[in-house]
Amino acid sequence: VLLLNGTGLPGLVGTACSRIASHGFAYAGSGNATSFNNPHSQVQIFSDSDISQGDALAKALGLPTSDVVEGTLTQDVAKYVVILGKDYKP
């Protein structure tokens, strides 16, 4: 899972790492989202066959499954990308 900070709150990604690890997901890297103005998080999946895993990842982070969306970020680091928005509670 590639975790991106979408709010600018320092340390936000660190709080998500332990949550995903405790649910069997592997941390693949982190960074800042292109914007810090993300009212909702996104759990980006890149294949329809990954919907159930996307839902599980959202739940592991305390996010609604409505935050699971088709991936738009071009990257080759991880199977899933999470942009942590203002709805994510550390």
Side-chain angles (χ1 to χ4, degrees):
V1 179
L2 175 63
L3 296 168
L4 301 176
N5 185 334
T7 69
L9 182 68
L12 190 67
V13 167
T15 66
C17 288
S18 59
R19 288 186 186 183
I20 65 168
S22 70
H23 286 84
F25 292 96
Y27 167 76
S30 65
N32 289 325
T34 56
S35 167
F36 288 145
N37 188 24
N38 293 283
H40 300 283
S41 299
Q42 289 187 355
V43 177
Q44 295 189 4
I45 59 171
F46 298 91
S47 170
D48 287 343
S49 64
D50 289 328
I51 291 173
S52 63
Q53 285 297 307
D55 289 349
L57 180 54
K59 289 177 184 175
L61 292 166
L63 299 170
T65 56
S66 60
D67 283 352
V68 178
V69 297
E70 182 178 339
T72 58
L73 188 66
T74 303
Q75 56 84 35
D76 61 358
V77 175
K79 189 169 185 178
Y80 310 107
V81 175
V82 175
I83 299 173
L84 297 170
K86 294 182 173 128
D87 61 344
Y88 172 70
K89 304 297 181 221

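Minimum interatomic distance between Pro90 and Tyr88 (heavy atoms only, all atoms of both residues): CD-O, 3.5 Å. Heavy-atom minimum distance, Val13 versus Gly31: CG2-O, 4.4 Å.
Linking ILVMFWY residues whenever their side-chain heavy atoms come closer than 4.5 Å, directly or via other members, leaves Leu2 and Val43 in distinct clusters. Under the 4.5 Å side-chain heavy-atom criterion for grouping Ile, Leu, Val, Met, Phe, Trp and Tyr, Leu9 is not connected to Leu4 through any hydrophobic cluster.
Atom-to-atom distance recorded for Ser18:OG and Tyr27:OH is 12.0 Å, nearest 0.5 angstrom. For the atom pair Tyr80 OH and Ile20 CD1, the distance stands at 11.5 Å (nearest 0.5 Å). Note that the OG1 atom of Thr65 and the CG atom of Leu57 stand 12.0 Å from one another [nearest 0.5 Å]. In this structure, Leu61 CG and His23 NE2 are separated by 8.5 Å, a value rounded to the nearest 0.5 Å. Interatomic distance, Ile51 CD1 to Glu70 CD, rounded to the nearest 0.5 Å: 9.5 Å. To the nearest 0.5 Å, the span separating CD1 on Ile83 from OG1 on Thr7 amounts to 12.0 Å.
Arg19 places no side-chain N or O within 3.5 Å of a backbone atom of Ala60 that could act as its donor or acceptor partner.
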One pair to check against side chain to side chain contact (heavy atoms under 4.5 Å, CB included): Thr72 and Gln44. What are the steps and the verdict? CA-CA 7 Å; Thr72 58; Gln44 295 189 4; 3.6 Å; yes
Between Leu84 and Thr15, is the side chain to side chain contact (heavy atoms under 4.5 Å, CB included) condition met? List the steps. CA-CA 11 Å; Leu84 297 170; Thr15 66; 5.6 Å; no
